[in-house]
Amino acid sequence: MSFFSSKPKVELPDHNCVLPHALKIPALEKLVGKRVVLASNSPRRKEILKTFGLEPEVIPSTFEETLPLGGFSDPHEYPVATATHKAVEVYERLVTENPDDAPDLVIAADTVVLTHPPEGLKSMRFSDEPVGPQDLLEKPRDKEDNLRMLLDLNGAICEVVTGVSIAFPVLEAPGYKIKSIEERTKVYFAQNEESLLKAYVESGEGIDRAGGFAVQGLGGMLISKVDGDYHNVVGFPAASFFKFLDMLIEEEVDFLSD
């Protein structure tokens, strides 16, 4: 009998987040065999990433999205900050739970709708009115709130803004680094009859969508034009995201290093 017992070998799971149809670009080739986590339970974000060949683990963040909007001089910073908190929460939690199988990349996102177009993008509805501060619309509280949002957006232009933050391991403290981007897309609402807006609200489709509408679903009936990344309006700016990863591979020594 041996007085010394060897420590049992830890069997780590095989990670295979890159799908066979993925384009052979630097970012996706670097992600082969890596542990990639999506810090969101949004089926739309998952499907968009899957379309482009990436199928990460889904581990939703527990961060409460309660950042005070008044703390941001520019409302476009709000979704980036929220995404950053989500990424950090999931990354730190996974490292604490299993340091031997820490994630190589955590992806988090937050999408909001901003009313009132910036200067130079006035809609006909606002052409004779001064453009006020941009109001931030997240998910409606209920159907009444959903209708209020759609009446405000009706016949006007809004901005859909998604902040995307990633967390990845580095040697220096605190052991990870955060990088972020934001994507803005202009959405033009048709001048819809109020009866159509009410019918859409009753469908329930917009209740869990920022701004109270889903452009890829029945909400497409309310929209006359999308100027920018369509996928961003759905919930995730995939084209910009993969270009962002390619850039980090060139510029960040520690990014996705083996």
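Here, residue 1 is the first one in the sequence, and each next residue gets the next number.
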Subject >> Residue list, salt bridge (charged side-chain N to carboxylate O under 4.0 Å, His left out) with Glu29, at least two apart or on another chain >> reply: none
Subject >> Contacts of Glu92 that satisfy salt bridge (charged side-chain N to carboxylate O under 4.0 Å, His left out) - sequence neighbours left out >> reply: none
**OP:** For Ala83 and Gly163, work out which heavy atoms get closest and say how close.
**Re:** CB-O, 3.4 Å
**OP:** Spell out, as yes or no, whether a donor-acceptor pair under 3.5 Å connects the side chain of Ser203 to the backbone of Tyr200.
**Re:** yes
Subject >> All salt bridge (charged side-chain N to carboxylate O under 4.0 Å, His left out) counterparts of Arg148, not counting sequence neighbours >> reply: Asp145
Subject >> salt bridge (Lys or Arg N to Asp or Glu O under 4.0 Å) contacts in which one or both residues fall within residues 201-211, not counting sequence neighbours >> reply: Lys143-Glu202
Original post:
Around atom CD of Glu64, are there more than 12 heavy atoms of other residues, nucleotides or ligands at under 6.0 Å?
Top reply: no
**OP:** Establish whether Ile48 and Leu19 are linked, either directly or via other cluster members, by ILVMFWY side-chain heavy-atom contacts under 4.5 Å.
**Re:** no
Subject >> Donor-acceptor under 3.5 Å (Thr185 side chain, Val233 main chain) >> reply: no
Original post:
If you look only at pairs with a residue in residues 143-182, which of them pass as a ring-ring contact (aromatic ring centres under 6.0 Å, His included), with sequence neighbours excluded?
Top reply: Tyr91-Tyr176, Phe168-Phe255
Original post:
Which atoms form the tightest heavy-atom contact between Ala39 and Val90, and what is the distance?
Top reply: CB-CG2, 3.5 Å
Subject >> Side-chain touch Ile166/Leu248, heavy atoms, less than 4.5 angstrom >> reply: yes
Subject >> Pairs satisfying side-chain hydrogen bond (donor to acceptor under 3.5 Å, both in side chains), at least one member in residues 51-62, at least two apart >> reply: Arg35-Glu57, Ser61-Glu89, Thr62-Glu89
**OP:** Would you list the pairs meeting ring-ring contact (aromatic ring centres under 6.0 Å, His included) in which at least one residue belongs to residues 25-44, sequence neighbours left out?
**Re:** none
Original post:
Could you give all pairs that pass the salt bridge (Lys or Arg N to Asp or Glu O under 4.0 Å) test and reach residues 236-249, with sequence neighbours left out?
Top reply: none
Give the table of side-chain donor-acceptor pairs shorter than 3.5 Å for residues 214-226, with sequence neighbours excluded, one pair per line with atom names and distance.
residue: Ser224; atom: OG; partner: Tyr188; partner atom: O; Å: 3.2

**OP:** Kindly indicate whether the side chain of Ile207, heavy atoms from C-beta on, has any atom under 4.5 Å from the side chain of Pro140.
**Re:** yes
**OP:** Taking ring pair (Phe, Tyr, Trp, His ring centres under 6.0 Å) as the test, write out the residues that go with Phe241, two or more places apart.
**Re:** Phe236
Original post:
Which pair of non-hydrogen atoms, one from Val106 and one from Ala87, has the smallest distance, and what is that distance?
Top reply: CG1-O, 3.8 Å
Original post:
Lys198 side chain to Leu147 main-chain N or O, any donor-acceptor pair under 3.5 Å?
Top reply: no
Original post:
Looking at Gly211 and Leu150, what are the two nearest heavy atoms and their distance?
Top reply: O-CD2, 4.2 Å
**OP:** Could you tell me whether the side chain of Asp100 and the main chain of Asn98 form a donor-acceptor pair under 3.5 Å?
**Re:** no
Subject >> Residue pairs involving residues 102-111 (criterion side-chain hydrogen bond (donor to acceptor under 3.5 Å, both in side chains); sequence neighbours excluded) >> reply: Arg45-Thr111, Thr111-Thr162
Original post:
For Tyr230, what residues pass the ring pair (Phe, Tyr, Trp, His ring centres under 6.0 Å) criterion, not counting sequence neighbours?
Top reply: none
Original post:
How are the rings of Phe213 and Phe189 set relative to one another: parallel (under 30°), tilted (30 to 60°) or perpendicular (over 60°)?
Top reply: perpendicular
**OP:** Quick one: closest heavy-atom pair of Asp229 and Pro237, and the distance?
**Re:** OD2-CA, 3.4 Å
Original post:
Is the backbone N or O of Lys50 less than 3.5 Å from a side-chain atom of His21, with the two atoms forming a donor-acceptor pair by type?
Top reply: yes
